[in-house]
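Atoms considered below: every heavy atom in the structure, side chains included; atoms not considered: hydrogens, waters and symmetry mates.
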Amino acid sequence: MAQTSIYDLRCENLHSPLGIDNTHPHFSWKLSSTENGNHQTAYEVQVATSVESLTNGSPDLWASGRVESDQSVMVDYEGKSLVSRDLCYWRVRVWDAQGEASDWSSVERFSIGILNNELAGSYIGAKEEYEAKAPLVRKMLQIDTEGMVFVHVNSLGYHELYVNGQKATDHVLQPAVSQLDKRSLIVTYDVTPYIHSGSNDIVIWLGKGWYKHTVFKTQYDGPVVKAEIDQLGSDGWRTIASTGADWQVSASGYYDTGRWDGLGFGGELIDGAKNPHTLTTAELDERDWHRPCVAEIMGIAATPQMFGGNRIGETVQPVSVTLQSDGSWMVDMGKVFTGWLKVSFPNMKMGDGFRVEYTDHIMPGEGFQSQGEKDEYSSSGIPEHDVFLNKFHHHVIRYARITPFEEALGEEALARGVSLRAPVTQKPEVAGFSITGTEEETSTFSCNDEDINQIHDMIHRTVENLTFSGYMVDCPHLERQGYGGDGNASIMTLQTMYNTADTYYNWMQAWSDVMDDNGSLPYVAPAGGGGGGPFWCEFFVKAPWRTFLNYGDKRLLERYYDQARKWMDYVESWSKDHLLTPWPDTQQRIWWLGDWLAPNGVDADSETTKGLVNNCVVSDACQTMMKMASVLGKEDDRQAYEEKANAINRAIRDKYYNRQAHTVGAATPLDMSYALLTGVVPENEREAVVARLLALQKEKYKSHIAVGLVGVPVFTEWATQQRQADMMMTLLKKRDYPGYLYMIDNNATATWEEWGGSRSHLHNCYNGIGTWFYQALAGLIPDETQPGYKHFFIDPQCPDGITHVKMSKPTPFGPVVIEWTKEKEAASISYRIDVPVGATATLVGRHDGMTENMLLQSGHHEVNLPFDTSIHEQKQTYRLNTRLYNIVGQQVDSQFKGIVINNGRKEIRK
């Protein structure tokens, strides 16, 4: 008998979230089974106000009863009405293919956040005369009754919450980003484990972070916080404290130095003598405390944070710490990362100090060149606590230069009474900590070609280090901006490699908040501004769709479809004869780019390329809107966008397609591949255009990559669809400029901003190629008709030299594993495949002039199939990303229906 287990329960795609932003949550779970082919046929969900109500079989909020359904992802709550602060517990059980019921799952919980700006309390911070840029705010709270205690923290700027000297979470740099002139986020903490009967010491340590006048025209010069402390009793929640004039404030030793705009992020001045070391009541009582400033903050909504939080990803040890002739220490961390550096010197005396400067690379033949980020530390003189570590800032670190001081920190430090007396000469102890907003479970990929593995791994760690605080940045140090172009280019890569549904939920909220009333969008969110073009704004359309495709999560479609329509209407207002014309620069955006940072020798800035590319963007957006409308049941909209897409394609064809030359636009790889992807080129003329594109790629561009930020994902998607694996292998194996191996051979551990290595060496320009390793080499193709990998295709491409590939990927149903081996002399491929319970896969085999589609049920499968790489004429259609995917090959016998593998048995279906 099969045994079915339930694991990884989630509410709103989060683990046991406290403080969600709505009263109609969604539930998801995963299944494991001891038997192949097992699947869920029904489920039962119970929700209650206590664990006891569930375990004794009396759920008082919702008992779904047995529901005949295989749905296990984003199941709607259909129980009693919920309100702010409600704490709920839930569990689920399922029935399998044999009708056997599983055991009940573990009990998980969620709570409704404080909605509708109902948060109690006032915003408080330090009075300006204390110049406290990172103050501590404190409240002694008497608690004599039992019951859970939650703290809801709404800070403008970063915060850390401490209760009786203990930090309330392992997360760092809370809260996530938001459009701080319109929206702030509430983070909810369960502090019950830290509370004791009697007097309790509540401390919230604040940092300015993004809350700066230079970015958001802030209403108060300093971080502020509003917090509500609630206790659960027999009659429900009651507020036992909230921030106000009765709290206390003390200046800490952290002092923010940056503007937090382009090239101006600075760092922190840290006076160890002024910082608390243990945050115990006894130590806190020794500090100088003052009444807070009660700030009037108007017009900013406070809504619950729906991002899970930043975590410390890995501890990075330096590969060398070397004393330089000028007395400084050069630290090489071995790889670039986003995060913190921890530095300590032995036997420091109070007033000793040092400066830490950072850079993401050192070019051959050049010395250390600071990128404008630096921290300065002054010793507390207490050895066990004398450690430098950022708290409300972060950096990009590959190399660090640590310079001991003989002079004072500077004028600002002198004004605050900090004086450094003696240089520090001992060798420092150094460790790094990466910070990421991704989940720990990630995809993996390897093959028999080490160059390909290195490229994959470089992209994999790049996107991990670009994703934090509920958005994805262009680079974390020079601009730290949520550029839509960079985001649009890398959505599929990031979502293939990581579960980042909560990142896109938070980021889309910021994009929604920066949209103008007329539908106009900037190129960056949050904050607005930036340079770019329509591809940057198209993020608003593509992100919801691809989140649905990869995670089966429809919330973004439902929440932002109307605004996406509004942007499409704005685009149409700047169109003439179905073609988009350049829109004007505004205070929120500049430029009208086609591609960005293509290699030398590729004219990506011609008016022809910009006109073609930007209208392909609009065609692509219309086709995506068609799919969104179809999922949401808006048939009239679907038909309207289909007509618009066809009209745009005809107009592009008339203006930019050269039938005699078989080229489109300026005949760059981006121009040609984008026109092929969006359907601009007529079906009966595609073969000639493809042949011309391949010839240009080989002859004009010498088989090198010849695209930039926009072109990398477009060209990659086209090459994957066209099964141009040999061409892509040749491109990727190039070791000279431009190429990924050129980066690696020049000491890169993350992808660069520019193919030649100028500016950032941790950047989001060229990561759109990351899907190729999974979709082309491993053959994992998502099926948009069954999103979230409920069904997927396995159809690997086998370029010369690749004989073995193995990948794994987390999905909403569980991990997918694909491993294949092709013997050099044998015309066959052996597969080892794991299909998660709740999903199915179609394995595409190719031999003897035909394909065999093998339907794999859940479980582990080992299959050996004949393989014929000479098949190039047959056409089979299935879904890839957001459009039809065409396999090129010979005509299949129309009677052949495929092979079904179930419980190890082969069944031929005709």
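Within the 3.5 Å criterion, the main-chain N or O of Asn36 finds no donor-acceptor partner in the side chain of Gln857. The backbone N or O of Ser69 sits less than 3.5 Å from a side-chain atom of Gln40, completing a donor-acceptor pair. The closest donor-acceptor contact from the side chain of Ser64 to the backbone of Val45 lies under 3.5 Å.
For the pair Asp783 and Lys790, the salt-bridge criterion is not met [side-chain N within less than 4.0 Å of a carboxylate O]. Ionic pairing of Arg555 and Glu12 is present here: one or more N-O contacts between side-chain nitrogen and carboxylate oxygen are shorter than 4.0 angstrom. Taking the charged nitrogens against the carboxylate oxygens, Glu44 and Arg91 have no contact shorter than 4.0 Å, which rules out a salt bridge. Contact check on Glu314 versus Arg461 returns a salt bridge, with a Lys/Arg side-chain nitrogen under 4.0 Å from an Asp/Glu carboxylate oxygen. Salt bridge annotation for Lys733-Asp451: present, with a cationic side-chain nitrogen under 4.0 angstrom from a carboxylate oxygen.
Checking Arg546 against Tyr504 by side-chain atom types alone, no donor-acceptor pair falls below 3.5 Å. Looking at His15 and Asp8, their side chains do bring a donor and an acceptor atom within 3.5 Å of each other. Counted by atom type alone, Glu717 and Thr771 present zero donor-acceptor pairs between their side chains at under 3.5 Å. Neither side chain, Asn465 nor Thr436, offers a donor N or O lying under 3.5 Å from an acceptor on the other. Of the N and O atoms on the side chains of Ser446 and Asn453, not one donor lies less than 3.5 Å from an acceptor on the other residue. Of the N and O atoms on the side chains of Ser490 and Asn767, not one donor lies less than 3.5 Å from an acceptor on the other residue. For the residue pair Ser16 and Glu108, a side-chain donor N or O sits within less than 3.5 Å of a side-chain acceptor on the partner. Defined by atom type and a distance below 3.5 Å, a donor-acceptor pair is missing between the side-chain atoms of Ser830 and Asn864. A donor-acceptor contact under 3.5 angstrom links the side chains of Asp834 and His860, judged on distance only. Inspection of the Thr444 and Ser808 side chains reveals an N or O donor paired with an N or O acceptor under 3.5 Å. Counted by atom type alone, Tyr774 and Ser443 present one or more donor-acceptor pairs between their side chains at under 3.5 Å.
In Asp170, the CG atom is not crowded: 12 or fewer heavy atoms of neighbouring residues, nucleotides or ligands sit closer than 6.0 Å. Heavy atoms from other residues, nucleotides or ligands lying under 6.0 Å from CG of Asp103 number 12 at most. Crowding of His24 atom NE2: a count of heavy atoms from other residues, nucleotides or ligands under 6.0 Å not exceeding 12. When the shell of 6.0 Å around CD of Glu68 is examined, it contains more than 12 heavy atoms from other residues, nucleotides or ligands.
Looking only at side-chain heavy atoms (C-beta outward), Leu856 and Thr842 stay at 4.5 Å or farther from each other. Residues Glu439 and Arg311 are not in side-chain contact: their nearest non-hydrogen atoms beyond the backbone lie 4.5 Å or more apart. Two residues are said to be in side-chain contact when any heavy atoms from C-beta on lie closer than 4.5 Å; Tyr505 and Arg559 meet this criterion. The shortest side-chain heavy-atom distance between Asn853 and Leu843 does not fall under the 4.5 Å cut-off. Side-chain atoms of Pro815 and Pro810, non-hydrogen and from C-beta on, never get closer than 4.5 Å to each other. No side-chain heavy atom of Pro59 sits under 4.5 Å from any side-chain heavy atom of Val47. Put simply, the side chain of Leu557 reaches to within 4.5 Å of the side chain of Leu632, judged on heavy atoms. Residues Leu741 and Ile455 form a side-chain contact, since some pair of their non-hydrogen atoms from C-beta on lies under 4.5 Å apart.
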Report the C-alpha distance between Met729 and Ile452 in whole Å, list the side-chain angles of each, state the deciding distance to 0.1 Å, and finish with yes or no for side chain to side chain contact (heavy atoms under 4.5 Å, CB included). CA-CA 8 Å; Met729 276 291 292; Ile452 298 301; 3.7 Å; yes
Evaluate the criterion side-chain hydrogen bond (donor to acceptor under 3.5 Å, both in side chains) for residue pair Thr493 and Thr496; output intermediate values, then yes/no. CA-CA 5 Å; Thr493 292; Thr496 297; over 6 Å; no
Please evaluate residues Lys822 and Ser828 with respect to the criterion side-chain hydrogen bond (donor to acceptor under 3.5 Å, both in side chains), reporting the C-alpha separation (whole Å), side-chain torsions for both, the decisive distance (0.1 Å), and the verdict. CA-CA 6 Å; Lys822 178 166 67 72; Ser828 65; over 6 Å; no
Intermediate values then yes/no, side chain to side chain contact (heavy atoms under 4.5 Å, CB included), Asp620 and Val541: CA-CA 10 Å; Asp620 187 23; Val541 174; over 6 Å; no
Let me see the working for Trp507 and Phe307 under ring pair (Phe, Tyr, Trp, His ring centres under 6.0 Å), right down to the final yes or no. CA-CA 9 Å; Trp507 199 6; Phe307 168 66; over 10 Å; no
Criterion side-chain hydrogen bond (donor to acceptor under 3.5 Å, both in side chains) on Thr500 and Tyr551, from CA distance to verdict: CA-CA 9 Å; Thr500 53; Tyr551 304 131; 3.1 Å; yes
Quick one: do Asp76 and His26 satisfy side-chain hydrogen bond (donor to acceptor under 3.5 Å, both in side chains)? Show the steps, please. CA-CA 5 Å; Asp76 292 340; His26 304 81; 3.1 Å; yes
Stepwise side chain to side chain contact (heavy atoms under 4.5 Å, CB included) test for Trp29 and Leu31: CA-CA 7 Å; Trp29 56 89; Leu31 304 174; 3.8 Å; yes
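Residue Glu819 holds its CD atom at 5.0 Å from NZ of Lys806, rounded to the nearest 0.5 Å. Rounding to the nearest 0.5 Å gives a distance of 4.0 Å between CE of Met306 and CG of Asp21. Expressed to the nearest 0.5 Å, how far CE of Met458 lies from CD1 of Ile744 amounts to 4.0 Å. Rounding to the nearest 0.5 angstrom, the gap separating the NZ atom in Lys554 from the OG1 atom in Thr547 is 14.5 Å. The line from CE of Met628 to CD of Gln623 is 14.0 Å long, rounded to the nearest 0.5 Å. Taken from CG in Asp553 to CG in Asn499, the straight-line distance is 9.5 Å, to the nearest 0.5 Å.
A ring-centre distance under 6.0 Å is found for Trp90 and Phe27. Less than 6.0 angstrom separates the ring centroid of Tyr498 from the ring centroid of His460.
If you run side-chain contact (heavy atoms from CB on, under 4.5 Å) between Tyr43 and each of Asp70, Val67, Ile6, only Val67 comes through.
Scanning for ring-ring contact (aromatic ring centres under 6.0 Å, His included) contacts around Tyr77 gives Trp62, with sequence neighbours left out.
Both the sub-6.0 Å distance and the 45° axial angle are satisfied by Arg66 relative to the ring of Trp95.
By the 30° and 60° cut-offs, the orientation of the rings of Phe715 relative to Trp718 is tilted. Relative ring orientation between Phe445 and His456 is described as tilted, the plane-to-plane angle lying within the 30° to 60° band.
Across all non-hydrogen atoms, the minimal contact from Gly308 to Asp502 is N-OD2, 2.9 Å. Of all the heavy atoms in Ile802 and Cys447, the pair that sits closest is CD1-SG, 4.0 Å.
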